[in-house]
Amino acid sequence: MKKLLILIAVFIGCIYNSAQAQTSVVERDIIVQDTVYVPHEVIEQLGDTPTIFVLSKGEEFYRNKYVQMTYAGVPLLVTGLLSQHYVANKFYNLREAYAPDFHFPADDYLQYAPGVAALIMKACGVQSRSSWGRMITSDAFSAAIMAVAVNGLKYSVGTLRPDGSTHNSFPSGHTATAFTCAHILHKEFGEVSPWISVGGYTVATFVGVSRILNNRHWISDVLAGAGIGILSTELGYFLADLIFKEKGLHDFGAPDFSIPDCPSQIGLTMGLQFPLSSIELGNGQRLISSTGSRMGVDGVWYINRNWGIGASATVSNLPTVLESRPEEPLSIDAATVAAGIYGSLPLGENSRFRVSMKALAGCNFMEHTDIIPNAMTSETTGFYYETGLSVSFLAQRHFGVNIFCDYGGYTFTATHTALPEYGLYRTGKHNYIMHNLTAGFTTSILL
């Protein structure tokens with residue numbers, strides 16, 4: 001375990017040193033300003049060709065080998081570590097509201113599917129990054145590092161599983177295995193087609209979500225497991241590269257780091273929902289909601305570089321109490337479907353960062369209509385609207401991450417029955433609107 005932490009520290013140090021290293025300034029008829037940089041390896045590849053591809057200093061930093069090794073795994077692992085308590089409980093409530101009886105035992109086997117796919121493709125003659133010997137060595141290192149990291153944390157952190165069975169919940173071993181296998185598939189065959197990588201990561205994500213729905217893991221366990229799986233694979237391939245050097249390595253050429261002009265995408269969204277209003281029930285009584293959780297899918301098709309149309313589908317859970325009886329937990333659970341306009345603006349020329357905005361409208365569907373048993377029953381559907389702002393980072397040609405903040409509201413009609421022992425005397429139908437602010441992130445596939 002200590003060796004693993006030392007290796008991670010060394011890689012982070014390498015990133016810092018690489019970022020601080022002085023890069024070459026190219027002269028071609030005129031002196032190029034110090035805002036333009038060309039890596040040495042690119043200059044060597046160009047030879048006497050007249051075209052020079054220039055990189056900004058920030059872009060060269062991003063393409064650094066050690067940045068590429070850690071930019072996905074480290075944030076996932078850190079997010080998992082930081083979200084173990086408060087955030088994990090919020091998403092557990094979401095599971096209890098929508099899928100309390102979910103059971104999917106096939107994830108015990110599905111976790112290996114991307115790795116099996118890699119072996120089958122290799123056996124069928126599909127060109128991969130590595131020879132058989134080099135691939136098996138890389139995979140063995142990756143699996144060993146993952147197993148040490150997962151079991152070391154499981155029995156040192158001692159987190160109780162959500163089903164109360166054992167104290168080895170953090171991190172998720174199934175998710176770590178699935179993402180190790182998916183990242184192996186990506187490393188070996190991602191240059192053949194990016195959709196091979198998309199397929200592997202989709203299966204791994206499904207395994208992680210099923211572990212939450214099966215009540216075996218908190219969301220923090222799954223995030224950390226995904227980070228460990230990706231980092232373990234990167235470390236495994238790094239060690240194998242030190243041993244084999246250029247032997248048994250197929251050159252696919254320079255990887256595609258291009259940024260799509262029209263960044264259409266579909267992604268998995270998760271965030272914390274903060275209520276901005278309470279529900280007045282008359283006679284001084286109120287329903288008060290606290291911070292809840294929200295998950296869903298979000299997709300947008302860009303017509304041009306800046307404008308597109310899209311839609312989202314989400315489920316949310318807001319823990320709620322009657323002000324006069326705070327000891328009795330209630331909740332407002334709403335699913336939403338909405339569509340509308342999206343806008344996007346790059347932060348600089350050819351920047352990997354973009355600012356996006358949206359304006360959506362649609363319907364909300366109340367999951368549990370008995371908001372206050374025997375006193376307040378809502379109708380199933382209502383109107384929903386949402387607007388939001390996000391910052392997107394296009395990590396690779398087909399993968400991106402959005403950090404967002406959305407403001408929205410949904411209406412519903414509720415039928416009241418007097419319940420004097422609760423101090424509730426309102427009767428008949430009444431209309432309400434809930435205003436919420438949601439902050440979170442989206443992992444996206446760029447189409």
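Numbers here are sequence positions counted from 1. In this text the structure is predicted, and so the values were computed from the model without any measurement.
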Engineer: Can you list the steps and then say if Ser312 with Leu360 is a side chain to side chain contact (heavy atoms under 4.5 Å, CB included)?
Structural biologist: CA-CA 9 Å; Ser312 70; Leu360 310 179; 3.7 Å; yes
Engineer: If you look at every heavy atom in Tyr385 and Ile433, which pair is closest and at what distance?
Structural biologist: CE2-CD1, 4.0 Å
Engineer: Just so I know, are the side chains of Ile371 and Leu330 near enough to count as touching, which here means a heavy-atom distance under 4.5 Å?
Structural biologist: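 The answer is no; the side chains never approach within 4.5 Å.
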Engineer: For residues Thr413 and Asn431, is any side-chain donor paired with an opposing acceptor at under 3.5 Å?
Structural biologist: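 Their side chains do contain a donor-acceptor pair, which is all the 3.5 Å distance test asks for.
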Engineer: Quick one about Thr159 and Ser169 (side-chain donor to acceptor, distance below 3.5 Å, no hydrogens or angles considered), yes or no?
Structural biologist: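 Per modelled atom types, Ser169 and Thr159 side chains form no pair under 3.5 Å.
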Engineer: Closest heavy-atom contact between Ala182 and Gly200?
Structural biologist: CB-O, 3.4 Å
Engineer: Taking atom CE of Met270 and atom CZ of Phe404, what is their separation to the nearest 0.5 Å?
Structural biologist: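 Atom-to-atom, Met270:CE and Phe404:CZ are 9.5 Å apart.
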Engineer: Less than 4.5 Å apart, any side-chain heavy atom of Leu419 and any of Tyr425?
Structural biologist: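 No, side chains not in contact.
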Engineer: Side-chain contact test, heavy atoms from C-beta onward, threshold under 4.5 Å: evaluate it for Met434 versus Ile279 and give yes or no.
Structural biologist: yes
Engineer: Would the distance check show the side chain of Arg286 and the main-chain N or O of Glu280 forming a donor-acceptor pair, the cut-off being under 3.5 Å?
Structural biologist: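 Not a single qualifying donor-acceptor pair exists.
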Engineer: At what distance, to the nearest 0.5 angstrom, does CG of Asn402 lie from OG of Ser344?
Structural biologist: 9.0 Å
Engineer: Is a donor on one side and an acceptor on the other found under 3.5 Å between the side chain of Asn304 and the backbone of Asn306?
Structural biologist: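 Yes; judged by distance alone, with no hydrogens or angles, the pair exists.
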Engineer: Enter the distance from Phe353:CZ to Ile403:CD1 here, rounded to the nearest 0.5 Å.
Structural biologist: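 Here the rounded value is 9.0 Å.
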Engineer: Evaluate the side chain to side chain contact (heavy atoms under 4.5 Å, CB included) criterion for residues Phe238 and Met69: first the C-alpha distance (whole Å), next the side-chain angles of each, then the deciding distance (0.1 Å), finally the verdict.
Structural biologist: CA-CA 9 Å; Phe238 176 79; Met69 289 174 63; 3.8 Å; yes
Engineer: Between Tyr66 and Gln68, does a side chain to side chain donor-acceptor pair (under 3.5 Å) hold up when you go through it step by step?
Structural biologist: CA-CA 5 Å; Tyr66 301 105; Gln68 288 289 307; over 6 Å; no
Engineer: How many angstroms lie between OG in Ser293 and NZ in Lys90, if you round to the nearest 0.5 Å?
Structural biologist: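 Going from OG on Ser293 over to NZ on Lys90, the span is 8.0 Å.
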Engineer: Within the 3.5 Å criterion, strictly below it, is a donor on Thr70 or Glu234 matched to an acceptor on the partner's side chain?
Structural biologist: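 Thr70 vs Glu234: no donor-acceptor pair found between side chains.
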Engineer: Restricting to side-chain hydrogen bond (donor to acceptor under 3.5 Å, both in side chains), what partner residues turn up for Thr443, sequence neighbours left out?
Structural biologist: none
Engineer: Verify, without hydrogens or angle tests, whether Gln111 (side chain) and Asp108 (backbone) share a donor-acceptor contact under 3.5 angstrom.
Structural biologist: yes
Engineer: Considering residues at least two apart in sequence or located in another chain, which fulfil the ring pair (Phe, Tyr, Trp, His ring centres under 6.0 Å) criterion with His186?
Structural biologist: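 If we apply the ring pair (Phe, Tyr, Trp, His ring centres under 6.0 Å) test to His186, skipping adjacent residues, the hits are His183, Tyr201.
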Engineer: Under 3.5 Å, is there a donor-acceptor pair between the Ser138 and Arg129 side chains?
Structural biologist: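 Ser138 vs Arg129: no donor-acceptor pair found between side chains.
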Engineer: With salt bridge (charged side-chain N to carboxylate O under 4.0 Å, His left out) as the rule and sequence neighbours excluded, what pairs involving residues 401-423 come up?
Structural biologist: Lys358-Asp406
Engineer: Taking atom types as modelled, find out whether Thr291 and Gln273 have a side-chain donor-acceptor pair closer than 3.5 angstrom.
Structural biologist: no
Engineer: Tell me whether Ser128 contacts the main-chain N or O of Ser130 through its side chain, where contact means a donor paired with an acceptor under 3.5 Å.
Structural biologist: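 Such a contact is found between Ser128 side chain and Ser130 backbone.
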Engineer: For a 4.5 angstrom cut-off between non-hydrogen side-chain atoms, does Phe399 reach Phe393?
Structural biologist: no
Engineer: If you compare all heavy atoms of Val198 against all heavy atoms of Thr202, which two are closest, and at what distance to 0.1 Å?
Structural biologist: O-OG1, 2.7 Å
Engineer: Which heavy atom in Gly115 sits nearest to a heavy atom in Cys181, and how many Å separate them?
Structural biologist: N-CB, 3.3 Å
Engineer: Determine, stepwise, if the pair Arg216 / Ser165 fulfils side chain to side chain donor-acceptor pair (under 3.5 Å).
Structural biologist: CA-CA 9 Å; Arg216 295 291 289 164; Ser165 58; 3.0 Å; yes
Engineer: Between the side chains of Ser220 and Gln84, does any donor sit under 3.5 Å from an acceptor?
Structural biologist: no
Engineer: What distance do Gln127 atom CD and His250 atom NE2 have between them, rounded to the nearest 0.5 Å?
Structural biologist: 4.0 Å
Engineer: Going by heavy atoms in the side chains, are Asp221 and Thr175 under 4.5 Å from each other?
Structural biologist: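 Contact flag for Asp221/Thr175 side chains = no.
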Engineer: Side chains of Thr180 and Ser142: donor-acceptor distance under 3.5 Å anywhere?
Structural biologist: no
Engineer: Between His430 and Thr427 (side chain of the first, backbone of the second, donor and acceptor by atom type, cut-off under 3.5 Å), is there such a pair?
Structural biologist: yes
Engineer: Are side-chain N/O atoms of Thr166 and Arg161 paired as donor and acceptor at under 3.5 Å?
Structural biologist: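 Yes, a side-chain donor-acceptor pair sits under 3.5 Å.
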Engineer: Quick one: ring-ring contact (aromatic ring centres under 6.0 Å, His included) pairs with a partner in residues 93-115, sequence neighbours left out?
Structural biologist: Phe104-Phe206
Engineer: Among pairs that include at least one residue of residues 364-379, which meet side chain to side chain donor-acceptor pair (under 3.5 Å), considering only residues two or more places apart or in two chains?
Structural biologist: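 Only Asp333-His368, Asp370-Thr377, Glu379-Lys429 qualify under side chain to side chain donor-acceptor pair (under 3.5 Å).
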Engineer: Mark yes or no for whether Thr380, through its side chain, and Met366, through its backbone, hold a donor-acceptor pair below 3.5 Å.
Structural biologist: no
Engineer: Hey, could you give me each pair passing ring-ring contact (aromatic ring centres under 6.0 Å, His included) that has a residue in residues 214-237? Not counting sequence neighbours.
Structural biologist: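 Counting only pairs at least two positions apart or across chains, the ring-ring contact (aromatic ring centres under 6.0 Å, His included) contacts touching residues 214-237 are Tyr92-Trp218.
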Engineer: Of all heavy-atom pairs between Gly282 and Arg426, which one has the smallest distance, and what is that distance?
Structural biologist: N-NH2, 3.7 Å
Engineer: Take Thr320 and Ser289 through the test side chain to side chain donor-acceptor pair (under 3.5 Å) and record every step on the way to the result.
Structural biologist: CA-CA 4 Å; Thr320 305; Ser289 298; 2.9 Å; yes
Engineer: Decide yes or no for Leu119 and Met135: does some side-chain heavy atom of the first lie under 4.5 Å from some side-chain heavy atom of the second?
Structural biologist: yes
Engineer: Say you draw a straight line from CD1 of Ile372 to CZ of Arg325; how long is it, rounded to the nearest 0.5 Å?
Structural biologist: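 Between atom CD1 of Ile372 and atom CZ of Arg325 there are 10.5 Å.
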Engineer: Flag yes if more than 12 heavy atoms outside Ile341 fall under 6.0 Å of its CD1 atom; otherwise flag no.
Structural biologist: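 For Ile341, atom CD1 is not crowded (no more than 12 foreign heavy atoms under 6.0 Å).
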Engineer: A side-chain contact here means heavy atoms from C-beta on lying under 4.5 Å apart; do Asn93 and Phe91 qualify?
Structural biologist: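 Sidechains of Phe91 and Asn93: no contact.
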Engineer: Report the C-alpha distance between Leu81 and Leu223 in whole Å, list the side-chain angles of each, state the deciding distance to 0.1 Å, and finish with yes or no for side chain to side chain contact (heavy atoms under 4.5 Å, CB included).
Structural biologist: CA-CA 9 Å; Leu81 287 167; Leu223 292 171; over 6 Å; no
Engineer: Give the intermediate values and the outcome of side chain to side chain contact (heavy atoms under 4.5 Å, CB included) for residues Trp301 and Ile309.
Structural biologist: CA-CA 6 Å; Trp301 175 67; Ile309 55 176; 4.1 Å; yes
Engineer: Is any side-chain heavy atom of Leu424 less than 4.5 Å from a side-chain heavy atom of His416?
Structural biologist: no
Engineer: Give the minimum heavy-atom separation between Leu185 and Ala117, together with the two atoms involved.
Structural biologist: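 Smallest heavy-atom distance, with atoms named: CD1-C, 4.3 Å.
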Engineer: Evaluate the side chain to side chain donor-acceptor pair (under 3.5 Å) criterion for residues Asp107 and Ser210: first the C-alpha distance (whole Å), next the side-chain angles of each, then the deciding distance (0.1 Å), finally the verdict.
Structural biologist: CA-CA 7 Å; Asp107 56 10; Ser210 72; 3.1 Å; yes
